[in-house]
Amino acid sequence: MIVTVVISVYNGMPYLPNTIESILNQTYKDFELIIVNDGSSDDSEEYLKSLNDDRIVYFSNKNQGLCNSINYAFSKAKGKYVFRNDQDDVSYLNRIERQVDIMEQSDFDCVFSFIDKISGKKVWKNLDKTLDNVGTVKLFNPWNDGCMLNSTMVIKKDVFFDLGGYRAAYYPSDDWDLELRLTQKYKVGII
């Protein structure tokens with residue numbers, strides 16, 4: 001197995017069904033999905049325990065915070081490539097297939113993607129979307145491209161651990177911190 005998808009959940013209802021469905025229905029089928037319930041007090045645990053798919057590996061922990069929960073999920077991952085997906089994000093159904101193809105056919109250590117905003121209050125920097133729709137990759141520069149949404153990330157597991165994972169001391173800028181460390185040492189792209 002070369003792919004693991006990780007999702008940390010903290011009071012994720014009512015978004016979880018759409019999120020989980022978008023992963024389980026991917027065109028790329030050979031992956032494990034690690035879900036860590038980070039001490040939810042809503043109906044998340046009941047919903048997650050009701051899922052019946054052999055690809056799901058479920059852990060329920062006391063609340064440790066997002067950084068620690070994601071690091072824990074990465075520590076359990078069997079895949080060479082680990083995909084982040086947040087509890088309220090929906091992935092295009094060919095996301096894994098496209099990003100695995102790029103990782104396998106290039107020398108990138110990590111690849112992010114652009115996003116389509118569905119709802120929410122946070123405004124993300126509108127990046128120049130001059131890339132075509134067939135998987136062209138451009139080199140990611142955090143100084144020019146801003147902070148990419150980490151739930152679009154696929155990263156080599158050994159690269160993640162070489163960098164020490166997410167650092168909770170930098171929360172809520174832990175994603176920016178990881179991206180800066182990534183680009184200082186590894187080749188990172190955007191599709």
Side-chain angles (χ1 to χ4, degrees), residues 1-10 12-13 15-38 40 44-45 47-61 66-116 118 133-137 140 148-163 165-166 175 178-179 182 186-191:
M1 175 174 308
I2 66 168
V3 172
T4 298
V5 179
V6 299
I7 300 175
S8 174
V9 174
Y10 179 73
M13 298 305 284
Y15 305 105
L16 279 174
N18 288 336
T19 298
I20 301 297
E21 182 179 316
S22 78
I23 298 300
L24 294 178
N25 291 328
Q26 289 286 308
T27 56
Y28 189 98
K29 301 292 185 193
D30 187 22
F31 62 87
E32 68 173 345
L33 171 57
I34 295 178
I35 303 172
V36 178
N37 182 5
D38 191 34
S40 296
S44 295
E45 182 158 28
Y47 167 73
L48 293 169
K49 285 184 173 181
S50 76
L51 297 173
N52 186 21
D53 191 298
D54 292 340
R55 297 172 291 180
I56 295 174
V57 181
Y58 178 70
F59 297 96
S60 183
N61 296 335
L66 182 61
C67 295
N68 293 326
S69 182
I70 292 293
N71 287 341
Y72 178 80
F74 267 81
S75 76
K76 301 298 183 184
K78 295 178 184 172
K80 174 182 175 182
Y81 305 124
V82 182
F83 287 73
R84 270 266 331 253
N85 203 93
D86 284 345
Q87 68 182 10
D88 60 349
D89 291 340
V90 175
S91 289
Y92 282 108
L93 296 181
N94 65 345
R95 173 195 176 190
I96 295 175
E97 182 178 11
R98 286 189 68 201
Q99 286 183 289
V100 165
D101 285 346
I102 290 166
M103 295 294 282
E104 290 283 289
Q105 297 174 24
S106 72
D107 60 348
F108 283 100
D109 300 295
C110 178
V111 174
F112 294 91
S113 74
F114 292 116
I115 65 167
D116 288 323
I118 299 170
N133 289 322
V134 294
T136 302
V137 183
F140 171 65
M148 291 302 295
L149 193 63
N150 272 226
S151 66
T152 71
M153 175 178 77
V154 57
I155 187 170
K156 292 178 180 174
K157 183 173 63 174
D158 59 339
V159 167
F160 182 83
F161 285 115
D162 181 56
L163 294 170
Y166 288 100
D175 50 357
L178 180 68
E179 290 167 15
L182 262 168
Y186 293 102
K187 189 171 180 184
V188 181
I190 308 173
I191 59 169

For F31 against I23, the heavy-atom pair lying closest together: CZ-O, 3.3 Å
Who pairs with F74 by ring-ring contact (aromatic ring centres under 6.0 Å, His included), at least two apart in sequence or on another chain? F160
E104: which residues meet the side chain to side chain contact (heavy atoms under 4.5 Å, CB included) condition with it, sequence neighbours left out? I2, K80, Y81, V100
Using the side chain to side chain contact (heavy atoms under 4.5 Å, CB included) criterion, which residues pair with D158? Sequence neighbours excluded. K156
Looking at CG of L178 and CE of M153, how far apart are the two atoms once the value is rounded to the nearest 0.5 Å? 5.5 Å
If you take all heavy atoms of A73 and I34, which pair is closest and at what distance? O-CD1, 3.7 Å
In terms of heavy-atom contacts, does OH of Y58 have more than 12 from other residues, nucleotides or ligands at under 6.0 Å? yes
Here the gap from R98 atom CZ to S113 atom OG, rounded to the nearest 0.5 Å, amounts to 8.5 Å
Please walk me through it: do T19 and V9 pass side-chain contact (heavy atoms from CB on, under 4.5 Å)? CA-CA 11 Å; T19 298; V9 174; over 6 Å; no
By side chain to side chain contact (heavy atoms under 4.5 Å, CB included), K187 pairs with (sequence neighbours left out) D107, F108, D109, L139
One should read off an interatomic distance between N94 CG and Y28 OH, to the nearest 0.5 angstrom, of 14.0 Å
Test side chain to side chain contact (heavy atoms under 4.5 Å, CB included) applied to N25 - qualifying residues, sequence neighbours left out: E21, L93
At their closest point, which heavy atom of S8 faces which heavy atom of D38, and how far apart are they? OG-CB, 4.1 Å
Ignoring hydrogens, what is the shortest heavy-atom contact between E32 and K78? Give both atom names and the distance. OE2-N, 2.6 Å
Report the distance from atom OG of S91 to atom CD1 of I20, rounding to the nearest 0.5 Å. 10.5 Å
Which pairs, with at least one residue in residues 82-95 and sequence neighbours excluded, count as a salt bridge (charged side-chain N to carboxylate O under 4.0 Å, His left out)? R84-D86
Nearest heavy atoms of G79 and K157, plus distance in Å: O-CE, 3.4 Å
Taking all non-hydrogen atoms of both residues into account, name the closest pair between N37 and L48 and its distance. CB-CD1, 4.4 Å
Got a donor-acceptor contact below 3.5 angstrom from the S69 side chain to the L66 backbone? no
Do Q26 side-chain atoms and I96 backbone N/O form a donor-acceptor pair below 3.5 Å? yes
